[in-house]
Amino acid sequence: MLITGECFCGDVKYQIDGKLRDARSCHCSRCRKAFSSQASAYALVETSQFSWVSGKELLTSYVGQHGFGLQFCKVCGSTICGVYNDEVHGVTLGCVNGDPDIELGMHIYVGSKASWEKIPVGVPQYIQGRPD
């Protein structure tokens with residue numbers, strides 16, 4: 001399966017030759033700020049199946065002290081993907097084109113969700129991260 005994605009302005013594009021997995025919505029305060037939304041929508045990808053099609057030079061990164069971070073388009077500011085130790089490990093579902101054949105399987109960090117947010121029922125919710 002070939003999955004494509006791009007930023008808001010369309011200058012940064014990627015493709016995934018494979019499937020996404022472990023889709024989740026994170027409701028922590030940091031994700032709310034990074035995604036300018038009530039939560040993030042994110043899925044993991046095999047690093048070897050991910051490749052940049054265009055615009056890689058337009059990326060900028062924010063990486064925290066544990067090696068996890070996000071990459072953004074310098075032109076439009078879209079949050080494109082997550083990185084760990086300088087390798088892409090997941091993509092933001094809002095930037096995926098078409099139907100990636102995946103559904104959100106969990107809501108994590110609901111213990112710190114915004115007070116005004118109502119999470120739909122029927123999907124597992126975890127007060128913190130997903131238990132191992």
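Here, residue 1 is the first one in the sequence, and each next residue gets the next number.
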*N85 CG: over 12 foreign heavy atoms closer than 6.0 Å*: yes
*Looking only at heavy atoms, which two atoms of H107 and H27 are closest? And how far apart?*
ND1-NE2, 2.8 Å
*I would like to know whether V12 and W52 meet side chain to side chain contact (heavy atoms under 4.5 Å, CB included); could you show each step before the answer?*
CA-CA 8 Å; V12 177; W52 296 107; 3.6 Å; yes
_Nearest 0.5 angstrom please: Q15 CD to S54 OG, how far?_
10.5 Å
*Is it the case that one hydrophobic cluster holds both I16 and V53, taking links as side-chain heavy atoms less than 4.5 Å apart, direct or via other members?*
no
*Donor-acceptor pair, R21 side chain versus K19 backbone, under 3.5 Å?*
no
*Does CD in E117 sit with more than 12 non-hydrogen atoms of other residues, nucleotides or ligands closer than 6.0 Å?*
yes
*Is Y84 reachable from Y109 through a run of hydrophobic residues whose side-chain heavy atoms are each under 4.5 Å from the next?*
no
*Do the ring centers of F50 and Y14 come within less than 6.0 Å of each other?*
yes
*Rounded to the nearest 0.5 Å, how far apart are CG of L20 and CD1 of I102?*
5.0 Å
*asked:* Can you tell me how far apart SG (C7) and CZ (F72) are? Round to the nearest 0.5 Å.
replied: 13.0 Å
_Same apolar cluster: Y126 and L44, side chain cutoff 4.5 Å_ = no
*Tell me, with the steps shown, if I119 and V110 meet side chain to side chain contact (heavy atoms under 4.5 Å, CB included).*
CA-CA 9 Å; I119 298 175; V110 299; 3.3 Å; yes
*Pairwise distance CD(E6) to SG(C76) - rounded to 0.5 angstrom*: 9.5 Å
_Do F35 and L70 make a side-chain contact, defined as non-hydrogen atoms from C-beta onward lying under 4.5 Å apart?_
yes
*asked:* Closer than 3.5 angstrom, by distance alone: can the side chain of T92 be matched with the main-chain N or O of C81 as a donor-acceptor pair?
replied: no
_Is it the case that the side chain of S25 and the backbone of S40 share a donor-acceptor pair, with hydrogens and angles ignored and the cut-off at 3.5 Å?_
yes
*asked:* Taking L59 as the starting point, is it possible to reach V75 by hopping between hydrophobic residues whose side chains are less than 4.5 Å apart?
replied: yes
*Pairs satisfying side-chain hydrogen bond (donor to acceptor under 3.5 Å, both in side chains), at least one member in residues 67-80, at least two apart*: S61-Q71
*Do V96 and M106 share a hydrophobic cluster, counting only Ile, Leu, Val, Met, Phe, Trp and Tyr and linking them when any side-chain heavy atoms are less than 4.5 Å apart?*
no
*Y42 and H89: side-chain donor and acceptor closer than 3.5 Å?*
yes
*Any chance CD of E103 has more than 12 other-residue heavy atoms, nucleotides or ligands included, within less than 6.0 Å?*
no
*asked:* With rounding to the nearest 0.5 angstrom, report the CE to CG distance, M1 to D99.
replied: 6.0 Å
*Would you sort out whether L104 and L93 count as a side chain to side chain contact (heavy atoms under 4.5 Å, CB included), showing the intermediate values?*
CA-CA 10 Å; L104 291 176; L93 293 174; 4.0 Å; yes
_I need the L2 CG to N97 CG distance, nearest 0.5 Å._
10.5 Å
*Taking every non-hydrogen atom, the tightest pair across V88 and V45*: CG1-CG1, 4.2 Å
